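Remarks on the structure that follows.
This structure is a prediction, so every number in the text was calculated from the model and none was measured. Proteins come first, then strands; the chains are lettered A, B, ... in the order of their sequence lines, and each starts at number 1. Hydrogens, waters and symmetry mates are skipped; everything else that's a heavy atom, side chains included, is used.
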Amino acid sequence: MKRAGILSLFTLLFLSFIVVWNRSYESGLEDAYIPLDASDAVPSIPSEEGVFKRAEFALEYDKMPYDENHQRSLDTYYENRAYYGAPPYIPHEVTEERNMGGNSCLKCHENGGYAAKFKMYTPVTPHPEMINCRQCHVSQLTASAFKGTNFPKNKAPKAGENNALVSSPPIIPHQIQMRENCLSCHAGPAAPKEIRVTHPERVNCRQCHVLNNKKTADIGNFKKYLNETK
Amino acid sequence: MYTSTSNRRSFIKKMAVLSAMTAAASMFPGIIFAEEQQRNLPKGDLDWKKAPCRFCGVGCGVMVGVENGKAVAVKGDPNSAVNKGLCCVKGYHSVMAFYGKDRLTKPLVKKNGRYVETSMEEALDLVASKMQETIKDHGKDSVSIYGSGQWTIPDGYAASKLFKGCIGTNNVEANARLCMASAVTGFMTSFGIDEPMGCYEDMDHADVFILWGNNMAEMHPVLFSRLLDQRLKRGVKIIDFATRTTRTSMAADKSILFLPQTDLAVANAICYEIINNGWVNKSFVEKHCNFSKGLTDMGYGLEDKYSFTDKPEKISFEEYKTFLEDYTPEKVEKISGVSAKDIKYMASFYGDPNKKVMSLWCMGMNQHTRGTWINNLVYNIHLLTGKISQPGNSPFSLTGQPSACGTVREVGTLTHKLPHGVVANAEHRAFAAKIWDVPAENIDPKPTYHTVEMFRALDRGDIKFMWIQVTNPMVTMPKLKRYRDATKKEGRFIVVSDIYPTPTTDIADVILPSAMWVEREGMYGNSERRTQHFEKMIDPPGEAMSDTWQLVEVAKRMGFEKQFYYNEETHIEEIYNEYRRHHDNDKHRMAPLEVLKEESGAMWPYVDGKSTKWRFNAKYDPACSNGEDYHFYGKPDGKAVIWQRPYEPAAEEPDAEYPYWLNTGRVVEHWHTGSMTRRIPVLHRAMPHAYVELNPGDAKRMQVKTGDKMKLTTRRGEIILPASVNERGVPAPMQVFVPFFDENMLINDITLDSFCPISKEPDYKKCAVKVEKA
């Protein structure tokens, strides 16, 4: 009896060990679960939020001296775009073919800086949160064409002619989807000289500069209506 | 229109750039044109003259560039303490509002249902004779004038003098009733004297900014830029406390959303926290504050001839403390949807003695069926902590119109008001009558109709004649359909003075073409008690005439030559000097005209050649006379009032049939009803029409995307608007937002005309609506 008791006790202990061990092994396989904070449900408005994104650097932008020997211009800015509004292709060699942006492109293109190799300042991306860069930006491995093309390259807006009045702030002549963050292209040493903002510290850009690309409907002329009434 | 700059360039010479450059160099940061950007700027021989901006109540100083008798350019006035050289997109393009193709240039008189052009002489004759005839047939209280916070000071003054002084009716109202009345009653009940104690300079001193239902990035963009500037330089905090996520929320350090109407509960909870944590500034409260309570369950003014008079009753601090026990952050969390943590977070800034706090608000708190209460409650917070009347510690009520303060509130173009004091007070009547050169009995001691009731009286037929100047009530009145139908009734005569055809001129019997802004001389008064003068810079088109002179001409025709003795060349100066006599005391002295012409505005009380920046503080305000550091001299005992005001629900809350909240408001590009800004091509292209903003979750459930047609239905009617999802703003779930600028999509047809019983200001921010795909 005594021996049976001891044996069954050990069997019980052994079984429970197996159960506990299995349980803990299985739960170890589960992914970590971090509960999302439901209270922080303030929706974001990309077109509005983007404007303020690089605002924390505004004062630094203001202090940066212009390096006149290595400025970009609108001509070079549009040079590596298939048409006005197209994503620029990559004008330099790419060594890491399989990397995501965070490990490669963004190292230089998130905040910019002087690239001695190319003797120019690195353009800053307006959308660093999108890290699959090569989805839109491609290399150019050859200068030749498979067949020729008749594609008509549409004209880009010029700087200095988008203001309605003498000295009134220019409108935004381009669409801003994925380019909501004004300072990334309009401030800093990589900004094309024609569109570099003189007042980067005024971070609420769209207080003065508005888009003009909405479809307009006739607002109606009430004078005509006046003569017809009753 | 912006494409035409290249043509203009050919004949404009070098001077513009030179003057722009010199101005820019002296300017507060930036706004210098880089060489590259300057290359294509039009060059010209422009004559720059200073003016306050035509649009909102911020009152930016602008320089208007005139060439060959046309206003062709605008830049910020670097000498203006308001904006220091910066404008917003409306200001920069404001002069384009002069040149809309359909500008009214000749008077139009309705004959057999058609408008016939006539001469100004004849039109004014008709207005005067019609008014006399109406008074003869139906009594003096059957004629009325409805003006605006866009009236210049002389416009409002001439109107008040003609109607209150000469004709003897208190049927004088202005659209500021629809935007500022709750701010006024808030000041009157808490401090006994109107308008902010602080000024914009507070923004350069405060550490924390709490925006109460105020989308400042769009509505007061120049001031908001000043906050952003301070954040870059000093690391100040901006907290957006609102019902809707906006551009302001995006820029703010923290965005806290509350359910409509529950700001009352949250403000009380902040006071509870302040008392509970021992953050009360005891010596300040003991010396300078009283506690009072008023009537509750006041109703919402929905019925005709509704009237309400509050009965203030003094209470003790202990009673007030007991009252606040219903407003612990935990209890308020359940009403407001704001977490107790966030309430405590906001309270901690007010309570921290080392932090200077500025509260800012505008229509969110004023267009509120308990507008006076919520104004009182925010003052409570500042009074309990003693954070008031000091640089950087400032509860600040912003305004929306260029002269809501200067004209409507200071000249007093409201039914109960006189330039100095109120009609109910015999002394005040006698004082005004003496300056107006009329017998004191002429001024009626009894106020008549506030704005909503005035239109109801028109509907009922108690009012037969109404003269509307510089405003567009047929776009802005709540429950608009009733009031539009009222104007069309038989036996009503409506005169409208305006610069463009609007839905309001559309109901007029006589349309008078007005001279606008710098087409005439005038003054505006902005939110910070700053009076600004502008000279006549260009000629008005055709027969257009200033509203002041229209009133003078009609007054003369009605036989009041003695009172309206003014000379056409100098009448603005004569009127201003006469007006100043009403405020000839240290609490409200106005700067002389020479000063206004010279400087970019001056702030009243203007005493011994100096503007007063902080009122009620003995260090800055010479009117303080009690020997203490602070003196709230608006009240007879020199003490401000901390009010016990409870939370009460809105007049119409969502239910099963109308499950959404409807909120209305503005956008940065358009101002007021868009009758000016929509005629500016740059602004129209940026914001061509109204829309209904939906919460993305609601949109997804209804399978709606931007541009889809939506039908909004309230108990007043229905309207169809395109949807907007995730664009300019995002309302909270089960709430929608519609801007009101669009005369082609009149949202006010379906809004509710409930109002604050104390201020009589309607609540445009809350009613129940059904939202479906059209």
#### Entry: Heavy-atom pairs under 4.5 Å with chain A, option from G729(B), C88(B), A732(B) with the top count
C88(B)
### Message
Minimum heavy-atom separation for A164(A) and H93(B), please, with both atom names.
### Response
CB-CD2, 3.6 Å
### Query
In terms of heavy-atom proximity below 4.5 Å to chain A, should F224(B) be classed as side chain, backbone, both, or neither?
side chain
### Task
Can you sort out the partners of E129(A) under side chain to side chain contact (heavy atoms under 4.5 Å, CB included), two or more places apart, ordered by chain and number?
K53(A), H127(A)
### Query
Between V95(B), V74(B), D742(B), which has the largest tally of heavy atom pairs under 4.5 Å with chain A?
V74(B)
### Task
Can you spot which of L211(A), V210(A), N162(A) makes a side-chain contact (heavy atoms from CB on, under 4.5 Å) with V682(B)?
V210(A)
### Query
Hey, are the side chains of M250(B) and V51(A) touching, using non-hydrogen atoms and a 4.5 Å cut-off?
no
### Query
To the nearest 0.5 Å, how far apart are CG in L165(A) and NZ in K75(B)?
13.0 Å
### Message
Quick check on the interface: out of A251(B), G65(B), S339(B), who has the most heavy-atom pairs with chain A under 4.5 Å?
### Response
A251(B)
### Message
Just verifying a value: how many Å separate D229(B) CG and R202(A) CZ, rounded to the nearest 0.5 Å?
### Response
5.0 Å
### Query
Taking everything shown except Q177(A) itself, do over 12 heavy atoms lie less than 6.0 Å from its CD?
no
### Task
For D509(B), enumerate each residue passing the salt bridge (charged side-chain N to carboxylate O under 4.0 Å, His left out) test, keeping only those at least two apart in sequence or located in another chain.
none
### Query
At their closest point, which heavy atom of Y92(B) faces which heavy atom of S168(A), and how far apart are they?
O-CB, 3.9 Å
### Task
Flag the one option from L232(B), I680(B), V668(B) with the top tally of heavy-atom pairs under 4.5 Å to chain A.
L232(B)
### Task
Can you measure from CZ (R247(B)) to CD1 (I45(A)) and round to the nearest 0.5 angstrom?
9.5 Å
### Distance in Å, T248(B) OG1 paired with N204(A) CG, rounded so as to fall on 0.5 Å steps
8.0 Å
### Message
Main chain of C87(B), side chain of Q207(A): is a donor-acceptor contact present, judged purely on distance under 3.5 Å?
### Response
yes
### Query
Which heavy-atom pair separates P681(B) from N212(A) by the least distance, and what is that distance?
O-OD1, 4.2 Å
